[in-house]
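To keep things clear, I will list the structure first and then write my remarks on it.
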Amino acid sequence: MANRSNEPLLWALFSGGGVAAAFLIPILLFLYGLAFPLGWLQSPGYERTLELVQHPLVRLGLFLLCFLSLFHWAHRFRFTLYDGLQIKHLNPAINLFCYGGAVTGTVVAAYLLWTLP
Amino acid sequence: MIDNSSSEMPSHDVLLVGGGGAGLRAAIAVSEVDPNLSVAVVSKVYPMRSHTVSAEGGAAAVIKEGDSLEEHAYDTISGGDWMCDQDAVELFVNEAPGEMLQLEHWGCPWSREPDGRVAVRPFGGMKKERTWFAADKTGFHMLHALFQTSLKYRSITRYDEWFVTRLLVEDGRVQGVVAIELMTGRIQAITAKSVIICTGGCGKVFPFTTNANIKNGDGMALAYRAGVPLKDMEFVQYHPTGLPFTGILITEASRAEGGFLINKDGYRYLQDYDLGTPQPKPVLRSMELGPRDRLSQAFMKELDKGRTLEGPYGPYVHLDLTHLGKKIIDTKLPFVRELCLKYENIDPVSQLIPVRPVVHYMMGGVHTDIQGATPLAGLFAAGEVACVSINGANRLGSNSLTELLVFGARAGRAAAEYALQNKPVSAGIEAQAADEKKRLEREFLHKRSGTEPIAVLRGEMQSTMEKSAGIYRTGALLEEAQADIAELKERFRQVAIQDHSHTFNTELMAALELSYMLDVAEAVVECALQRTESRGAHQRTDFPRRDDERFLAHSLVSHRTGDRPEVEYLPVTITRWPPGERVYGRPAAKTPPG
Amino acid sequence: MAETITIEVARYRPEQEGEPTLQSYEVPFSKDWVVLDALNYIKDHVDGSLSFRWSCRMGVCGSCGMTVNGEPKLTCATFLSHYLPGPIRVEPLQNFPVVRDLIIEMTDFLEKLQSVKPWIVREDDPAPAKGEFLQTPEQLDNYKQFSMCINCMICYAACPVYGLDPQFAGPAAIALAQRYNLDSRDQGEQERMDVLSQHEGIWGCTFVGECTEVCPKNVDPAGAIQQYKLAATKEWFKSFLMPWSKP
Amino acid sequence: MKPSTAYRQYHPKWYRTRVSTLWWSRRWSYLKFMLRELSSVFVAFYVVILLLQLHALRGGPEAYLEFQEWLKDPLLVVLNGISFLFVLFHAVTWFNLTPKAMVVRLRGKRLPNLLVAAPNYAAWLAISGLIVFLLMRQG
Ligand SMILES: Cc1cc2nc3c(=O)[nH]c(=O)nc-3n(C[C@H](O)[C@H](O)[C@H](O)COP(=O)(O)OP(=O)(O)OC[C@H]3O[C@@H](n4cnc5c(N)ncnc54)[C@H](O)[C@@H]3O)c2cc1C
Ligand code: SF4
Ligand code: F3S
Ligand code: FES
């Protein structure tokens, strides 16, 4: 009991990220990655986009999306690396890379959203 | 690889041979008498692989209003054709509900009524519904509940996959066993102050059986060789409904839920054999819910009349569940459906199941008293290997699982008390163990001259037994069998062993099991020959009547080296129920029993 | 017999050879035969030294798990006819040390099983004589599925995580822990959680899901583990946010 | 105390096979699992794109236009196409697995997995529709 692991927290973030990514990313990626660039749909312009993003709820939503999705990635990728490639001995480095990456990304997201005009 | 320099013999207070239902119940009972007693469970398979795992139908104990201990006792005694010791039966039915509740407290997932109370179902030969069940995997759930519960007791040491080859007896009492650790081939003596044999039955003596590969009568032979008599060995139970070819059991519960047995004309033939008149719904102690011996005998008579069907694996009849509907089959008999689909490619919801009688259970076994004690000091036995006797000439379905608990616990407590007397290990034990090791090496491991293949000897033994010690027997055939078994025992001396390795030598194990089975076969044939009457599962066509004058007595067969075994008789204990006529499916006649 | 089928069996005799080899046998083909029947035919008529475990031949004792054509299977419930025209390759279960021929070492599982306390834990201990613990069919149904495990080790053979990290408690042990957690008669959830919330407990599982796919008894260990993770996470947040509510 | 192993001191020679590094290529189901795990990389990739988009937004109309032009780079379109397939795969596997972790009961009966997964799909459609609506409202 003494050394309670923090796995539940990481797992919760992973799961939250899984949900957020599953619901939001496919459509966003479809629109911004394919439909708009290929001209299948008319892309909303700068004004409209900014106006949307400025809405506090959207800001919060985007922040959560970035934050959770990154932790989702970190958790899965960490296991993929050490099961898939069997490089368990590099464990500390892997953890640093994955969770470090997620934390950095989250901070960047917070900064960008916070400082949006 | 075998180490014999280490003279360190592991030693325990109580040692169990066998980790099935009876063995595990006994182990827990010892721990509960005194947690300081060290208990060894020696088993040739991991305990949860023991054959108890295959039991399907259920376990009987009086729990519902409207039922009574007297009725359970009477059903058991009449079912056993008055061969049961009635003091043992009384005690058995008394302690059964407590044991079953104990198992409920240990987590056995009994099927339930909507209000949360344990549910019961009807069973063959029982006048009331009193069979507890966990769907149709009762034995499986009981064994796993016992095994998992046993993990809680620190005083229990398990010797998983150790094969016992001999009991160590010195100064007139048993003091341990010699066993082979299969994983390494090490032959090791393990001493103990008392030993309980719980090795289960011996169905593999016959070719067509519901029993698992591990049921070779090991414990019966171990006791027999140590000079302990075997009791009532002529009573071998055939179950009326086994799948042709595999012998896989279709549980009696399928008839209790309302299944019909029909012959090739679609006729419920049991009505022709004094088992009552057909009704659409199951009637207790009538027709399909008659006792197993009578149902199996009825099959043989149908066969004689040419009214059975013929398949690639011999004659069969049909078990009809189609009128029960999918819902009942899926909730009450899911395993039956699974087995039929898997092994016969038949869906019992819409198709008839081919079945034939199959060797199922050994009523006889190591002679014990109601504490599970054998005549040899320090040696106890419980479960199918033992004969207490509550099963008499024919066991009622669902009494065996309960017997494991009641008499497993009793034997455990008695063995614990005995161990607490703390008698020292005799000096001669080590020499005996060394002798046994030499014997195993000389006769099996190091022997390269054998010519008789194990499978051939085993096959011949099995067909001899089927031919002469089956559902119907005659003196002439039994005498032939006697000679055949003696000859097979002689030929066994030249058994061929190709595998001389120490690591998990399953061929060595098969050879030893065959030698056990030959002893058991000898005992069965001898007892069957001497009992010149018909009673329960023992039917002699040359002596078709029950003979209470001479044979209201247990046969006790003892090993005689180099000679035929010796059979003696011990009167049956009668307390409250004088021998009567066995009546099924009709009101009892007032006439005194014949 | 006219028809035969080829069986390639992994042989390993540690006293003679350094590593397993495949040996071919021709056995009669019958549509009623399972792989185990063919192995027994070999043992009885061709080569008595072939070693494997089996007992009930009806899919309930759990001894006869082997790898058949690369898949972990109960050989007493796997028909030859499924693999026509052959050959059929029979090897020991993967992810376990091989002791001999088709026999694997599984003591590891028994220790893990014991460590998750697969028995009813009660604070009070009412005497059985007082009657049964009531349990409705619905409550029974809650854990019934997880109680069907026959300890056949097929899920362990299919779980890559167990193969990579033998410390991992593994599918069946966790499913059995969950079986008791979900039993209305049990009060030991906390004790089991302490064992299983370790890294090698439930967290090692990356939800490959193969354990459930291969389980011959529909136990669904993968489901058990995910449910357990959810419960452990709730528990964690609860004790983190409300440390005083410690059970 | 370790039962049953207590006396297994003379270890025979056990043969152990190491799991090969390419274990996940051995079986279709394992490969599927690996692809599922790899989908997380594409999730992260999208987050990076999103961050770049936010950065561009901050930079004003000019920068945002540039960002939109950049997205038209064929290489990026192909990459996004692949990403899209992976995140789709992620979403489908994720929704299908939910019923495993969550047992939903209705009147004592466990709901079949399909029924538990169905609301996920409904919500997915609704959310996607909402996003399209919000973005396209004024063209
Ligand atoms: C298919 C089937 C269905 C049944 N259904 C029912 C039912 O519904 N109701 C009912 O009441 N009864 C039923 N029975 C009968 C009942 O299951 C058995 O009588 C009972 O399970 C026997 O239990 P046991 O503990 O005596 O022996 P087992 O469970 O057979 O255990 C024997 C133990 O002894 C060990 N052993 C044996 N030899 C050795 C050796 N040489 N060295 C070391 N260890 C050894 C084995 O490893 C095993 O652990 C059924 C039987 C069968 C075959
Ligand atoms: S969970 Fe299934 S596969 Fe695993 S051991 Fe139990 S029965 Fe076998
Ligand atoms: S296969 Fe293994 S990784 Fe988890 S879901 Fe099953 S235990
Ligand atoms: S032999 Fe028992 S499960 Fe196959």
Side-chain angles (χ1 to χ4, degrees), chain B residues 1 45-46 48-51 53-54 63 98-99 101-102 104-107 109-118 135 137 140-141 144-145 148-149 151-152 158 160 183 212-214 245-246 248-249 312-313 335 338-339 342-343 453-455 496-499 501-507 510, chain C residues 13-16 32 34 43-45 47-63 77 79 99-101 103 105-107 110 113-114 117-120 122 125-137 139-140 143-144 147-151 176 180 183 185-186:
Chain B
M1 196 149 287
V45 295
Y46 281 105
M48 70 280 185
R49 316 275 189 232
S50 301
H51 189 62
V53 84
S54 310
I63 179 137
E99 281 295 330
L101 286 169
Q102 175 61 265
E104 192 276 332
H105 275 42
W106 284 335
W110 297 117
S111 293
R112 304 284 177 151
E113 309 274 11
D115 66 359
R117 299 183 347 141
V118 167
K137 285 202 175 173
F140 163 80
H141 286 298
H144 280 254
Q148 289 164 6
T149 302
L151 296 175
K152 171 166 91 174
R158 291 203 326 271
D160 292 342
M183 206 59 100
N213 182 41
I214 56 169
F245 180 54
T246 54
I248 289 173
L249 178 79
Y313 305 104
F335 194 42
E338 181 187 327
L339 290 171
K342 186 112 227 170
Y343 293 99
I454 297 173
I497 308 259
Q498 300 169 21
D499 191 346
S501 68
H502 294 298
T503 320
F504 227 109
N505 189 332
T506 50
E507 195 179 28
Chain C
R13 281 147 297 200
E15 290 155 67
Q16 290 155 40
D32 295 327
V34 290
K43 180 154 189 77
D44 285 350
H45 302 289
D47 187 344
S49 72
L50 179 64
S51 284
F52 49 93
R53 293 186 178 109
W54 72 287
S55 178
C56 71
R57 58 83 184 85
M58 55 192 274
V60 65
C61 75
S63 355
F79 284 82
V99 173
R100 156 97 198 248
D101 295 346
I103 294 172
E105 215 288 329
M106 56 169 278
T107 318
L110 286 147
L113 181 64
Q114 187 170 28
K117 308 192 191 225
W119 53 77
I120 297 277
R122 297 283 296 196
D125 212 351
K130 296 225 175 83
E132 70 258 53
F133 294 133
L134 294 182
Q135 182 167 69
T136 63
Q139 289 172 321
L140 173 67
Y143 68 88
K144 183 86 194 206
S147 74
M148 303 304 274
C149 172
I150 60 173
N151 301 175
L176 282 163
Y180 282 93
D183 191 322
R185 298 168 288 186
D186 178 79

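Since this is a predicted model, take the numbers as computed values, not measurements. By convention in this document, chain letters (A, B, ...) are assigned in the order of the sequence lines, proteins followed by strands, and residues within each chain are numbered from 1. Values below: every heavy atom of this structure, side chains too, minus hydrogens, waters and symmetry copies.
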Separation of [Y] [atom2] from [X] [atom1] (nearest 0.5 Å):
X	Y	atom1	atom2	answer
Ile103(C)	Met183(B)	CD1	CE	8.0 Å
Arg112(B)	Thr136(C)	CZ	OG1	9.0 Å
Glu132(C)	His105(B)	CD	NE2	9.0 Å

Examine whether an atom of [X] lies under 4.5 Å from a heavy atom of chain C, and if so say whether it belongs to the side chain, the backbone or both; otherwise answer neither.
X	answer
Ile248(B)	both
Ile63(B)	side chain
Val45(B)	neither
Phe504(B)	both
Ala135(B)	both
Pro453(B)	neither

For chain B, which of [options] has the most heavy-atom pairs under 4.5 Å?
options	result
Met106(C), Lys130(C), Arg13(C)	Met106(C)
Asp47(C), Leu140(C), Val34(C), Asn151(C)	Asn151(C)
Gly59(C), Ala129(C), Ser147(C)	Ser147(C)
Ala77(C), Cys56(C), Pro128(C)	Pro128(C)

Problem set entry | Lys43(C) portion near chain B, given a 4.5 angstrom heavy-atom threshold |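 For Lys43(C), the contact with chain B is made by the side chain alone.
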Exercise. Checking heavy atoms, do the side chain of Phe79(C), its backbone, both or neither come under 4.5 Å from chain B?
Worked result: side chain
For this session: Report the option among Ile454(B), Val118(B), Leu249(B) that has the most heavy-atom pairs separated by less than 4.5 Å from atoms of chain C.
Result: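 It is Val118(B).
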Exercise. Which one, Gly116(B), Gly98(B), Ser111(B), leads in non-hydrogen pairs under 4.5 Å with chain C?
Worked result: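 Counting heavy-atom pairs under 4.5 Å, the top option is Gly116(B).
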Exercise. Are Arg100(C) and Asp499(B) close enough for a salt bridge, meaning some N to O gap below 4.0 Å?
Worked result: yes
Exercise. Do the numbers put Arg57(C) on top of the ring of Tyr343(B), so that NZ or CZ is under 6.0 Å from the six-membered ring centre and no more than 45° off the axis?
Worked result: no
